[in-house]
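Encoded as structure tokens, the structure appears first; notes follow it.
Computed from heavy atoms alone, side chains included, the values below leave out hydrogens, waters and symmetry copies. Being a predicted model, the structure only gives us computed values, none of them experimental. In what follows, chains are A, B, ... by sequence order, proteins preceding strands, each numbered from 1.
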Amino acid sequence: MNEMHCDNCQKWLHGYLDNELDTTTATSIAEHLKSCPKCNQVYEGMRVLKAGIREHIPTYEMPSSLSRSVFAKIEAEAHSTMWDGLQNMTKHWGAPLFSAAAVAAAFLLYIATPSTQDEWVDEAVSDHVRSLMVGHLNDVISSDRHTVKPWFSGKLDFSPPVYDFTAQGYPLVGGRLDYLQHQNVAAISYMHNKHVINVFIAPVASTDSVPKNSSERGYNVIYWQQNRMRYVVVSDLNTGDLRIFTELLQKGM
Amino acid sequence: MSHKADVKRFNELFVPHMNAAYNLARWLTGNDNAAHDVVQESALRAFRFMDRFAGGNARAWLLAIVRNQSYTWLKQSGNNRWINIGDEIAEDDIALSHTETPESHSIRSQDTALLHKALQELPPQFREVIILKELEEMAYKDIAIVADIPLGTVMSRLARARGMLKTELVKLYAHE
């Protein structure tokens, strides 16, 4: 191999290492490395270094306190921009009376709009994602339902059913307090083959309903109402396994 | 009155990348508190300027903001080492990688504390490409967006960063 070829090899080596080259260039580099011990030694050195970094350099985990404060800031910002928008609108129309009425109407609308199933499902999925992202899955971590269930008493004005389906392959992981659709809910998590399942439970006035399926942003959701409780189950688990879990929950055994 | 929709869009686009945001901020600032501030400010900016996100890679878009905020902090804190960047591979880096034995290099590449220190010692412009490539597993085209360099520069920047990292490892190893 001539020197020119080695220069080229050195130039493209890192693209080769990172799998960023087109097939033709990659193939000619691979050929050259086979026949040139000098370039191959450089390549091996970089390969070992790359592997070492990937194996030994830590990814810093975002503290859950930080994620909570980020979410709070975004919510606050969203509300303040809504407020600014109203103020601009009234400035434009120059009618202070209208302003007060509009603000009042807006807030009434915001508060009084009854939440639909869709909104529950949507917010539950966001919450599920958040609980996984921020490493804040559970406030009480226990696989013992006699630890998890009492933890909720005094924190909620209802007693969420908690089970342990370890024998069936869905062990209990823990529970936490959550806030969905302007009310406190119990979030109880279970595992199945490394997949987290979040079960959101809140009291509801209306009658029982049969489970419905939905798929949101790649997550499977099953929701129903039973014994004056609303259940929303969210997981990236496949529909079949999630359905089996749901049936266990419904039977409560 | 679509603040709920805005929050929803933010959650969908950027929340999945918050850990990556924190990781980059933490590596660039080298400091927990600074990373905290940088992530908060970046999230707020991403939310405010969300309208300007015209599709594409949401992670790269967010991390570009995080990077800018981190550099602002670095400049203000004034304890960083800014260097001129030429992206040609330094001759001594290549010379060095020829002289050492593969065995000694292999040992150093497996030493977590040494690697960590060496990486933190690299100037931020080189540290960031390694973080983005190896820890965040980003493609060159996305690294180009975050680091604000032409696509063609990503490979040579990475080559130089790795060469410097090797040199740094040898230096630190000698001092141990």
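When Val125(A), Val70(A), Asn19(A) are compared by the number of non-hydrogen pairs under 4.5 Å with chain B, Val70(A) comes out ahead.
Annotation: side-chain contact (heavy atoms from CB on, under 4.5 Å) contacts of Ala58(B) (sequence neighbours excluded): Leu13(B), Phe14(B), His17(B), Phe53(B). With sequence neighbours excluded, no residue forms a salt bridge (charged side-chain N to carboxylate O under 4.0 Å, His left out) with Glu20(A).
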Candidate pair Arg59(B) and Asp142(B), rule side chain to side chain contact (heavy atoms under 4.5 Å, CB included), full reasoning: CA-CA 9 Å; Arg59(B) 187 158 66 135; Asp142(B) 297 322; over 6 Å; no
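Heavy atoms of Lys133(B) lying under 4.5 Å from chain A belong to its backbone as well as its side chain. With a 4.5 Å cut-off on non-hydrogen atoms, Ala25(B) does not touch chain A at all. In this structure, chain A has a heavy atom under 4.5 Å from the side chain of Leu165(B), while its backbone stays farther away. Contacts of Asp122(A) with chain B are made by side-chain atoms alone, with heavy-atom separations under 4.5 Å and no backbone atom involved. For Tyr140(B), the parts sitting under 4.5 Å from any heavy atom of chain A are the backbone and the side chain alike. Contacts of Leu44(B) with chain A are made by both backbone and side-chain atoms, with heavy-atom separations under 4.5 Å. Contacts between Leu13(A) and chain B at a heavy-atom distance below 4.5 Å are absent for every atom of the residue.
Arg230(A) forms no cation-pi arrangement with Phe200(A), by the criterion of a distance under 6.0 Å to the ring centre and an angle within 45° of the ring axis.
Within a 6.0 Å sphere centred on CH2 of Trp12(A), other residues, nucleotides and ligands contribute 12 heavy atoms or fewer.
Aromatic ring pairs are classed by plane angle as parallel below 30°, tilted from 30° to 60° and perpendicular above 60°; the pair Trp27(B) and His116(B) is tilted.
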